[in-house]
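Sequence lines set the chain letters: A, B, ... in the order given, protein chains first and strands last, and positions in each chain run from 1.
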2 protein chains.
Amino acid sequence: MGQPKFKRSERIAAMTSILTNHPSRQFSLGVFSQQLDALKSALSEDLSQVKRTLETLGIGEIQSVTGAGGGIRLVPRMPLEAQQAFLAQLTNELSKKERVLTGGYLYYTDLISSPDTVQSMAEMLAQHLDFSQADYVVTVETKGVPLAFMTARLVNRPLAIVRRSSRVTEGSTISVNYRSGSTGSIQQMILSRRAIPTGAKVVMIDDFMRGGGTARGMHDLMKEFDAKVLDIGVLMTTRQPEDKKSGPCTALLYLESVNEETGEVVITPNHALFQGSLGKGDI
Amino acid sequence: MGQPKFKRSERIAAMTSILTNHPSRQFSLGVFSQQLDALKSALSEDLSQVKRTLETLGIGEIQSVTGAGGGIRLVPRMPLEAQQAFLAQLTNELSKKERVLTGGYLYYTDLISSPDTVQSMAEMLAQHLDFSQADYVVTVETKGVPLAFMTARLVNRPLAIVRRSSRVTEGSTISVNYRSGSTGSIQQMILSRRAIPTGAKVVMIDDFMRGGGTARGMHDLMKEFDAKVLDIGVLMTTRQPEDKKSGPCTALLYLESVNEETGEVVITPNHALFQGSLGKGDI
């Protein structure tokens, strides 16, 4: 029994599902041609329909890579209005009184552990930061791991998770000490020698930044690998101090203030994301 | 300027991409009808083509939920042969001499931090464990978080990450002590009171299980929440001890032995996954 032939709309369903399920991963037309028993020329036409549709709706880009080893890949996109609506909704949710914890901290672990919410956050970070030169996405354990991993997935880069203590399952490690911006205490940051190669270029993704001490530590740690932090993206950063130790960083939200007594929380979306260009977004 | 009308193949591209990008999430036909400016009856026909295609290729299921609040959702699937090929490739990769660490541990952090590899592992766990009654996916920090989160994403459940130490950003917590199966030492497991509701049903996902001490601890921790561990899924488990403290657990791979002297590693795929039914897989 041979492979059944598929109609155009069926080939489109198959390729769209496979491409969407592996964001930014390059597929050759030859592989699809075999799997779907169709000519490459027909598949090219199919894909131009997919491209036009996703771009019209603003939900994805089909990119062609020409030449030997060429192929196509799909990069999910979030329309501008959807991004703004999402940040407004997130701001609203995060400002709820019951999220205020002792010490003026904000509970939001539920939001960064929820697949749909993390997906949207990651789509925004993937779109507004430039990953084109990045070899790895890095983060520091633990809360930011889902967001960092989802961002890494969207740009199809491996993730390296920096630990706060040494583990026998990581082999040889390199560690640096850093001063936490929040507590002022000296802490340790540890990464397996095997986690990234010497000279790697990385983008750091985390859930939260206050003073930038953790990011400063990441810069130091990367230097030990002869590696370089190209950019930093976080879900939320405090407005104060304005002069972070980390250097430049892109946040989706600004935490303006938390009043532990009244439970009043003030958060604003980062409007700069929507000024000028639609983001760097190249992969 | 009104919404442009889309052709059938374009509607199919749009719906397939949206559904694939949000696995197991239910969408109402009404939403698609508005977004694509098409009649629900036409969309139903479109979706039956998508369904037939994905099922023929074994790469996804379209499930219809009827009645008020009904809709459709897409659950990615991995064909049986692809699963077997993936496990064979993984076994091969994991058996490399250079992965053996001092103490007979195996380095595999790179594999569980790599988007495509984690995607396939998660698709297998989502397919072979039963999440139909689960409210949450739970895991213990840190290495297994990407795998647990990707599995949670595929079955569209929130993730709860159990910590090994207390954090001010988690609010009130509940902790239990447990005996680590690997080291025999007493360790602590901590979960925010807010992370899961009383009475929740959870499926635990982790990267590795040796003696089952961590899983035993999870059972104890869940009892404190009046919650219940329905099932446990891991990437890899040691063949010995056969009688794990955890109770039943589904693993993709068995670690038979590691010889620290010679660097010989013996790993076998869990063949039981492919006997009988194609897995429980209901969501």
Side-chain angles (χ1 to χ4, degrees), chain A residues 4 6-14 16-22 25 35 46 49-50 52-54 56-57 59-60 74 76 101-103 105-107 109-110 113-116 118-119 141-143 145-146 149-150 152-153 156-161 163 167-171 192 194-195 208, chain B residues 4 6-14 16-22 25 35 46 49-50 52-54 56-57 59-60 74 76 101-103 105-107 109-110 113-116 118-119 141-143 145-146 149-150 152-153 156-161 163 167-171 192 194-195 208:
Chain A
F6 292 99
K7 288 188 292 188
R8 158 145 297 171
S9 54
E10 292 171 334
R11 295 193 307 258
I12 283 181
T16 306
S17 193
I18 293 168
L19 288 166
T20 307
N21 206 21
H22 301 278
R25 176 164 138 193
Q35 196 173 6
D46 298 346
Q49 286 200 20
V50 178
R52 205 168 46 237
T53 308
L54 300 188
T56 303
L57 293 167
I59 58 173
L74 189 154
L101 300 172
T102 305
Y105 296 98
L106 211 56
Y107 184 81
T109 308
D110 55 330
S113 309
S114 193
D116 269 345
V118 176
Q119 169 93 21
E141 64 180 349
T142 293
K143 259 167 52 187
V145 174
F149 184 73
M150 281 301 275
R153 176 178 181 267
N156 195 26
R157 301 292 193 280
L159 176 70
I161 303 175
R163 313 286 300 249
R167 302 279 159 181
V168 288
T169 51
E170 299 286 349
S192 170
R194 300 171 184 233
F208 193 76
Chain B
F6 292 99
K7 289 188 292 188
R8 158 147 297 171
S9 54
E10 292 171 334
R11 294 192 308 257
I12 283 181
T16 306
S17 194
I18 293 168
L19 289 166
T20 308
N21 206 22
H22 300 277
R25 176 163 137 194
Q35 195 172 8
D46 298 345
Q49 286 199 22
V50 178
R52 205 168 48 238
T53 309
L54 300 188
T56 304
L57 293 166
I59 59 172
L74 189 154
L101 300 172
T102 305
Y105 296 98
L106 212 56
Y107 184 80
T109 308
D110 56 330
S113 309
S114 196
D116 268 346
V118 176
Q119 170 93 20
E141 64 179 348
T142 295
K143 259 168 50 186
V145 173
F149 185 73
M150 282 299 276
R153 176 179 181 266
N156 196 26
R157 301 291 194 277
L159 175 71
I161 303 175
R163 313 287 300 251
R167 303 278 159 182
V168 287
T169 51
E170 299 286 350
S192 170
R194 300 171 184 232
F208 193 76

K.L.:
Do you know the tightest heavy-atom contact between A:Thr169 and B:Tyr105?
P.N.:
CG2-CD2, 3.9 Å
K.L.:
Check A:Thr16 against B:Ala13 and note the closest heavy-atom contact, atom names and distance.
P.N.:
CG2-O, 3.4 Å
K.L.:
Of all of A:Ser113, A:Pro76, A:Ser192, which one pairs up most often with chain B through heavy atoms under 4.5 Å apart?
P.N.:
A:Ser113
K.L.:
Out of curiosity, B:His22 NE2 to A:Gln119 CD, how far, rounded to the nearest 0.5 Å?
P.N.:
5.5 Å
K.L.:
As an exercise: rank B:Ala14, B:Ala160, B:Ser114, B:Gly60 by heavy-atom pairs under 4.5 Å with chain A and give me the winner.
P.N.:
B:Ala14
K.L.:
Give the minimum heavy-atom separation between B:Leu159 and A:Pro146, together with the two atoms involved.
P.N.:
CD2-CG, 4.5 Å
K.L.:
Chain B: which of A:Asp46, A:Ile18, A:Val118 shares the most heavy-atom pairs with it under 4.5 Å?
P.N.:
A:Val118
K.L.:
For residues A:Arg8 and B:Lys7, determine if any side-chain heavy atom of one lies less than 4.5 Å from a side-chain heavy atom of the other.
P.N.:
no
K.L.:
Got B:Arg163 and A:Lys143 here, is their nearest side-chain heavy-atom distance under 4.5 Å?
P.N.:
yes
K.L.:
Counting heavy-atom pairs under 4.5 Å with chain B, which one of A:Thr109, A:Val50, A:Ile59 comes out on top?
P.N.:
A:Thr109
K.L.:
Shortest non-hydrogen contact from B:Pro158 to A:Pro115?
P.N.:
CA-CD, 3.9 Å
K.L.:
With rounding to the nearest 0.5 Å, note down the distance linking OG1 in A:Thr20 to CG in B:Leu19.
P.N.:
10.0 Å
K.L.:
For chain A, find which of B:Glu170, B:Met150, B:Glu141, B:Arg167 contributes the most heavy-atom pairs closer than 4.5 angstrom.
P.N.:
B:Glu170
K.L.:
Measure distances from A:Asp110 to the heavy atoms of chain B and classify the residue's part below 4.5 Å as side chain, backbone, both or neither.
P.N.:
neither
K.L.:
Looking at A:Leu54, A:Asp116, A:Val145, which has the largest count of heavy-atom pairs under 4.5 Å with chain B?
P.N.:
A:Asp116
K.L.:
Side chain, backbone, both or neither: which part of A:Leu101 has a heavy atom under 4.5 Å from chain B?
P.N.:
side chain
K.L.:
With a 4.5 angstrom heavy-atom cut-off, could you sort out which part of A:Arg194 is near chain B: side chain, backbone, both or neither?
P.N.:
both
K.L.:
Is chain B contacted by the side chain of A:Ser17, its backbone, both, or neither, given a heavy-atom distance below 4.5 Å?
P.N.:
both
K.L.:
State which residue, out of A:Gln49, A:Glu10, A:Arg11, fulfils the side-chain hydrogen bond (donor to acceptor under 3.5 Å, both in side chains) condition with B:Ser9.
P.N.:
A:Gln49
K.L.:
Flag the pair A:Thr56 / B:Phe6 as yes when at least one side-chain heavy-atom distance between them is below 4.5 Å, and no otherwise.
P.N.:
yes
